Amino acid sequence: MKTITGNLILCSLLCLMPAACTQREKVSYADMYDAIADVGQYKLPALSRTPGICRVVAVEGNSLKDYLLAASITGLTARALEQGRTEAGVWIACNADHAVAYRKERAWLEARGCRFLDKVSPLQLATETFEPVDGMIVTLKHLFDGYILTDLERNPESGSVAVTASHVYNGLIVDRPDRALFEKAGYKLLYDASEKNVRDAWNEFGSRCEKTGLVIMPNNTWELRDVAIQNGWFFMNLYPLPHDATNGEYWDLYETVCRTLDSHHLIYGWEAGRHNEREINEMASRNAQASAVNDWFYNACLTGADYRKRQEPVLAHVLDPKTIDYNKNKRLVSFFMTDGDNNQWMMGGFIEHWYDVPESAASKVAFGIAATTLPQMAPAAFKYLIERQPENSTLLEVQGGGVYYSDTYASERNRPEDLREKARLTSAYMRQHRIRMVGLMANREAGSPEAMEAYRIFAEENDQLAGILAYQYTPYAAGAGDIYWVTNKQGYDIPVVTIKYSLWNEPYLREREGTPRYVARCLDKDRNNPEFNLICIHAWSQFSDQGRDCDDLAETQNGTVRGPGIARLLEKHLGDSYETVSLEELVWQIRMKHRPEQTKKFLDSLR
């Protein structure tokens, strides 16, 4: 009887509910986003504490041995900070400190009460005793158990081996000429790497390394050693001689290490050589990893400190599709800036020289940004980047965290499961920062069944997704402006738009890549979806302004115009039949033309 009565009461209440409760309540397009929350998207290991004191270490000249020492001090001190054995952190002074992204990260540390002390040398920091500051111990030498010996002159690879040994033994990296200085200061030898190579390191230490990342860098550099030590990652070079396979290579070892890593993590750095960027990324992709593209990313131990608690509800500006004029009789052109998956670029000049410039707004340029990785690596820099979004521009997440390929991701693991999880992780960042488009790169063909599978899954895992930008590794414009369609879980078809032409400076012209003048002529003759034209701007290309009446290669000479300025060069060559629109508008115009009933239904659901 209680059950019957309860059901009757429930039925009566349902009958009394207002009609608004039986249909989806209207919401404005700008209000469609998720609150900041940890839903499992934070994968990057990092400090969970902020230091109270920061020792600044400065290396004179380009002494590799001193930089390796500094990196080991930095990484081991970060481990000690996490373990509660010190209140100090270490910041390695370098030229990147002048970039606005690093200045924002340092300002955040200072705002949290971290006091930066005067610069000292790595040798001083490792061997000397300092008076306490503000009641905190700022001497660091007691944090280290001894030293790892290298012989960089006779065996440069010993420096790579020493990075892994450093976190295994809690030892500083010391080169042979400085050995006596450290033994005099009371340090003992923990491990001799002077005759070792990275294969030895893997055989000895591979089982003692964390499976949440890997660092690859040439053995004549010092970058990223600190973060490898902090996180307990394996560190390797691909070639015994930097970039040169004459004396052999470690490609098989790279493959072995990739297979041991947990899914959805990052491979930091890379090394050019016999195996090119495409191959390196492909190995990562097949094993459900991504290349972080952060070779020259500095002070990662501190820029990402406590990032899980530092996430702020910064929102990208979006174009309300209800405000668009869908009756334009124009050939629409939209520009997309490449290489937004490049984390080191995001930190090192991207904001000042490519992004926050007047031409960005004038040409309504779309920017790919690292919206899944940068909030973990450098939350203050990410916040500033979003807040400085150029007017009329579109922000899109590219790749979902570093470089991988949509058609091969997790192909050597459980692809259906891992690809869907990758889409979920990416969606969490996008939804929490109101980013409505994603860019996905295929290794081979942007329209292949494998790539289409990825587009479908990304659409299914994000019902706020307005569109997908699709391209392949090279040439980026091989999709030729084709438009594909996938369906989200609400039943809306989502366009997958491929790049039609690339603004790319090389001494010769390709079918779909070249100068502004050349691309303008190609557009005039193009008959593949001629009203919708997505053009990518190669981030590293520069052109010159040669006026409207120039030959197809003239703009390649003496180039000083880069980034969004290149879009302005192309616009000068286009006639009145063209109109520049944002990428968001291009996507909605495509949806209205090809799926008018669905699009009108969606617009009617908005307030």
Side-chain angles (χ1 to χ4, degrees), residues 270 272 275-282 284-285 291 293 333-342 345 354 365-368 396 398-399 402-409 437-452 454-455 467-484 495-530 532-543 552-553 555-556 559 562-564 566-567 569-570 573 583 586:
W270 81 300
H275 297 278
N276 61 26
E277 181 183 54
R278 185 179 206 155
E279 294 175 273
I280 293 171
N281 296 339
E282 173 66 358
S285 184
S291 296
V293 197
V333 176
S334 186
F335 296 100
F336 162 67
M337 181 70 63
T338 68
D339 287 82
D341 47 25
N342 189 317
W345 185 39
W354 279 266
V365 175
F367 292 92
L396 62 157
V398 280
Q399 307 279 40
V403 178
Y404 64 90
Y405 301 122
S406 58
D407 53 345
T408 65
Y409 190 76
M437 292 200 62
V438 66
L440 297 175
M441 179 193 292
N443 188 12
R444 298 301 174 189
E445 295 182 16
S448 69
E450 295 80 8
M452 291 297 298
Y455 309 147
I468 298 172
L469 185 154
Y471 54 115
Q472 65 190 55
Y473 177 76
T474 184
Y476 284 6
D482 288 344
I483 300 171
Y484 309 107
V496 180
V497 186
T498 64
I499 294 168
K500 186 171 285 187
Y501 292 101
S502 297
L503 294 163
W504 204 298
N505 191 343
E506 294 196 49
Y508 48 86
L509 302 170
R510 294 186 173 136
E511 182 183 1
R512 295 191 170 272
E513 295 179 346
T515 64
R517 171 60 178 163
Y518 172 72
V519 169
R521 288 202 309 105
C522 291
L523 284 174
D524 286 341
K525 296 181 290 185
D526 188 86
R527 293 296 175 264
N528 184 29
N529 298 311
F532 304 119
N533 304 282
L534 177 57
I535 311 298
C536 86
I537 304 169
H538 181 227
W540 317 124
S541 287
Q542 294 189 124
F543 294 96
D552 287 349
L553 282 171
E555 292 161 317
T556 64
R562 64 183 172 189
I566 298 173
L569 294 182
L570 175 59
H573 294 298
L583 181 54
L586 187 76

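Everything quoted here is computed from the prediction, not taken from an experiment.
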- Between the main-chain N or O of L553 and the side-chain N or O of T515, is there a donor-acceptor pair closer than 3.5 Å? no
- Given the rule in the side-chain hydrogen bond (donor to acceptor under 3.5 Å, both in side chains) test, do E277 and Y473 qualify, once you have shown the distances and angles that lead to the verdict? CA-CA 10 Å; E277 181 183 54; Y473 177 76; 2.7 Å; yes
- Message: Are the side chains of V497 and L469 in contact, using a 4.5 Å heavy-atom criterion?
- Response: no
- What is the distance from atom CG of L440 to atom OH of Y405, rounded to the nearest 0.5 Å? 13.5 Å
- Within 6.0 Å of CD in E511, more than 12 heavy atoms from elsewhere: no
- Taking only residues two or more places apart in sequence or in another chain, which ones pass side chain to side chain donor-acceptor pair (under 3.5 Å) with S291? N281
- For T498 and G481, indicate whether the former's side chain and the latter's backbone hold a donor-acceptor pair under 3.5 Å. yes
- Message: Between K500 and D526, does any NZ, NE, NH1 or NH2 come within less than 4.0 Å of an OD or OE carboxylate oxygen?
- Response: yes
- Note on the structure: A366 and L396 have their tightest heavy-atom pair at CB-CD2, 4.1 Å
- Note on the structure: Those residues at least two apart in sequence (or on a different chain) that pass ring-ring contact (aromatic ring centres under 6.0 Å, His included) with Y404 are Y409
- Item | Contacts of W504 that satisfy ring-ring contact (aromatic ring centres under 6.0 Å, His included) - sequence neighbours left out | Y476, H538
- Sidechain-backbone polar pair: S502 side chain, E513 backbone, donor-acceptor under 3.5 Å: no
- Item | From CD1 (I535) to CG (L586), nearest 0.5 Å | 10.0 Å
- Classify the ring geometry between W345 and W354 as parallel (under 30°), tilted (30 to 60°) or perpendicular (over 60°). perpendicular
- Heavy-atom pair with the smallest gap, counting every atom of A539 and M337: CA-SD, 4.0 Å
- Message: Can you tell me how far apart CG (D407) and CE (M452) are? Round to the nearest 0.5 Å.
- Response: 12.5 Å
- Give a yes or no on whether the backbone of A480 and the side-chain of N528 come within a donor-acceptor separation of less than 3.5 Å. yes
- When rounded to the nearest 0.5 angstrom, what distance separates CZ in F336 from CG in L503? 12.5 Å
- Polar side-chain atom of Q472 near backbone of R444 as donor-acceptor pair, under 3.5 Å: yes
- Message: Distance check, rounded to the nearest 0.5 Å: C536 atom SG versus Y501 atom OH?
- Response: 12.5 Å
- Query: Considering all heavy atoms of both residues, which atom of G514 and which atom of V519 are nearest to each other, and what is their separation?
  - Reply: O-CG2, 4.1 Å
- Nearest non-hydrogen partners of F543 and L569, listed with the distance: CB-CD1, 3.8 Å
- Message: Using only atom types and a distance under 3.5 Å, with no angle test, would you say the side chain of N505 pairs donor to acceptor with the backbone of Q542?
- Response: yes
- Query: Is a side-chain donor or acceptor of Y455 paired with a backbone partner of A446 at a separation under 3.5 angstrom?
  - Reply: yes
- All heavy atoms of T556 vs all of E506, minimum pair found to be CG2-O, 3.7 Å
- Approximate separation, where rounding is to 0.5 Å, of I537 CD1 and D339 CG: 12.0 Å
- Task: Determine the minimum heavy-atom distance between V496 and A470, stating which atoms define it.
- Result: CG1-CB, 3.5 Å
